[in-house]
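Working notes, structure below.
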Amino acid sequence: MPELPEVEITCRGLAKVLIRKKITNVTTRRSGLRIPFPADLSKNMHGTRVRSVTRRGKYICINLSNGYVLVIHLGMSGRIIIADRHYEPKLHDHFIISFSRYQKIILNDPRRFGLVTILKSDELEYREFFRNIGLEPLSDKFTPDLLRSKLKNKKIAIKLALLDQKVVSGIGNIYACEALFRAGISPKRESSAISYKLLSKLVNSIKLVLTEAIEAGGSTIRDFVHPDGKLGYFAMKWQVYGREGEPCLCNHQKNIVIKKIVQSGRSTFFCPICQR
DNA sequence: CACTCTCCCTGAAAGC
DNA sequence: TGCTTTCAGGGAGAGT
């Protein structure tokens, strides 16, 4: 389940092979994913070149030389495979772009929670599309003061606030759990009731955990595959995520184990002793 | 407005 | 062993 680091790694991988390449063919193999593929998708892509590949939250933005931006969200199970002209489409390959020099990229997404659309980069469309997307957690603008202002009056649990893409963009279930563990904050804490000092700690933890994951090459669970097609099995070790019943890594001598709870239908893993 | 719940979907894993 | 059930979750939209 790609979160910010996985999307970032995917973008870097795409940039490496696609920049300046010309789009020679666009194929859709079904009518759409979470939303239909735009009718003019192929028309607006064909013959243009890739200017850059950027990321906004969990969205991949492939910026084209004709002023359009191809926007891809990987959803739960999406992956982008980089291949050559010999690649044969496989099950759940929904969207294929062919480039000059026989390069191809394939969007494979078994669960189809992903999204593909195309926007004009210089117009309201683009701004409108990302209107509700919060601040980038790795930007210098993401500070304790900013987070405090976002959480002011919020009664929801801090874990749920971190998952809210309007509060901060790019954090999913795994990194929300991991960041809270590192900051020593209970996922159940009311968002607005957390001290400035702890919010500072949380901001640092978020930046740290995301940065480490990017450096680890995009951490992986189950179905994330690097853009070059290799599995990312050098993934970071989660300290709490998926470790229900296992000992807390902070406290070996006592019999403290990681607990799992459900918050708004999402699993949360945490240490009831280390996180207050 | 603030918040929770449901739905979409498939494959892996657990349960029987 | 093999079939059935459960679970995983991002984000939109309905419901409270």
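Per chain, numbering begins at 1; letters A, B, ... match sequence-line order. No hydrogens, no waters, no symmetry mates; every other heavy atom, side chains included, goes into these values.
Residue pairs satisfying the ring pair (Phe, Tyr, Trp, His ring centres under 6.0 Å) criterion with at least one member in residues 12-58 of chain A, sequence neighbours excluded, are listed as follows: A/F37-A/F95.
Judged by distance alone, the side chains of A/Q263 and A/T268 do bring a donor and an acceptor atom under 3.5 Å apart. Between the side chains of A/S121 and A/N63, no donor-acceptor pair of N or O atoms lies under 3.5 Å. Checked by atom type, the side-chain pair A/S192/A/N153 shows no donor-acceptor distance below 3.5 Å.
In summary, A/R112 and A/D109 do not engage in a salt bridge, as defined by a charged side-chain N under 4.0 Å from a carboxylate O. Under the 4.0 Å criterion applied to side-chain N and carboxylate O atoms, A/R55 and A/E136 are assigned as salt-bridge partners.
Using a 4.0 Å heavy-atom criterion, one finds that A/L91 contacts the sugar-phosphate atoms exclusively. Residue A/K166 is classed as having no contact, given no heavy-atom separation below 4.0 Å to the nucleic acid.
Protein atom CD of A/E3 is 10 Å distant from nucleotide atom C1' of C/dG9, rounded to whole Å. The CG atom of A/N132 sits 14 Å away from the C1' atom of B/dC1 (whole-angstrom rounding). Regarding A/K260, its NZ atom lies at a distance of 12 Å from the C1' atom of C/dG9, rounded to whole Å. Atom CG in A/L163 sits roughly 9 Å away from atom C1' in C/dG10 (whole-Å rounding). Regarding A/I133, its CD1 atom lies at a distance of 7 Å from the P atom of C/dA12, rounded to whole Å. The distance from atom CG of A/D109 to atom C1' of C/dA8 is 14 Å, rounded to the nearest whole Å. The interatomic distance linking A/Y59 (OH) with C/dG10 (P) rounds to 12 Å, in whole Å. Computed from coordinates, the A/D164 CG to B/dC1 C1' distance equals 14 Å when rounded to whole Å.
Nearest heavy atoms, A/P272 versus A/K259: CG-CD, 3.8 Å.
At its two ends the helix from B/dA2-C/dT16 to B/dC16-C/dG2 runs along axes set 60° apart, each axis drawn from five pairs and the angle rounded to 10°.
By the neighbour-count criterion of 12 heavy atoms within 6.0 Å, atom CZ of A/R20 is sparsely surrounded, having that number or fewer from other residues, nucleotides or ligands.
The phosphate of C/dG11 (OP1 or OP2) has a side-chain N or O of A/Q165 nearer than 4.0 angstrom. Note on A/Y241: a side-chain N or O is less than 4.0 Å away from OP1 or OP2 of C/dG9. Taking side-chain N and O atoms only, A/H73 has a distance below 4.0 Å to OP1 or OP2 of C/dG11. The side chain of A/S267 places no N or O atom within less than 4.0 Å of a non-bridging phosphate oxygen (OP1 or OP2) of C/dC7.
With contacts defined as side-chain heavy-atom distances shorter than 4.5 Å, the pair A/L18/A/Q103 qualifies.
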Please list each protein N or O that sits under 3.5 Å from an N or O in nucleotides 2-9 of chain B, with the distance.
from, atom 1, to, atom 2, distance (Å)
B/dC3, OP1, A/K155, N, 2.5
B/dC3, OP1, A/I156, N, 3.4

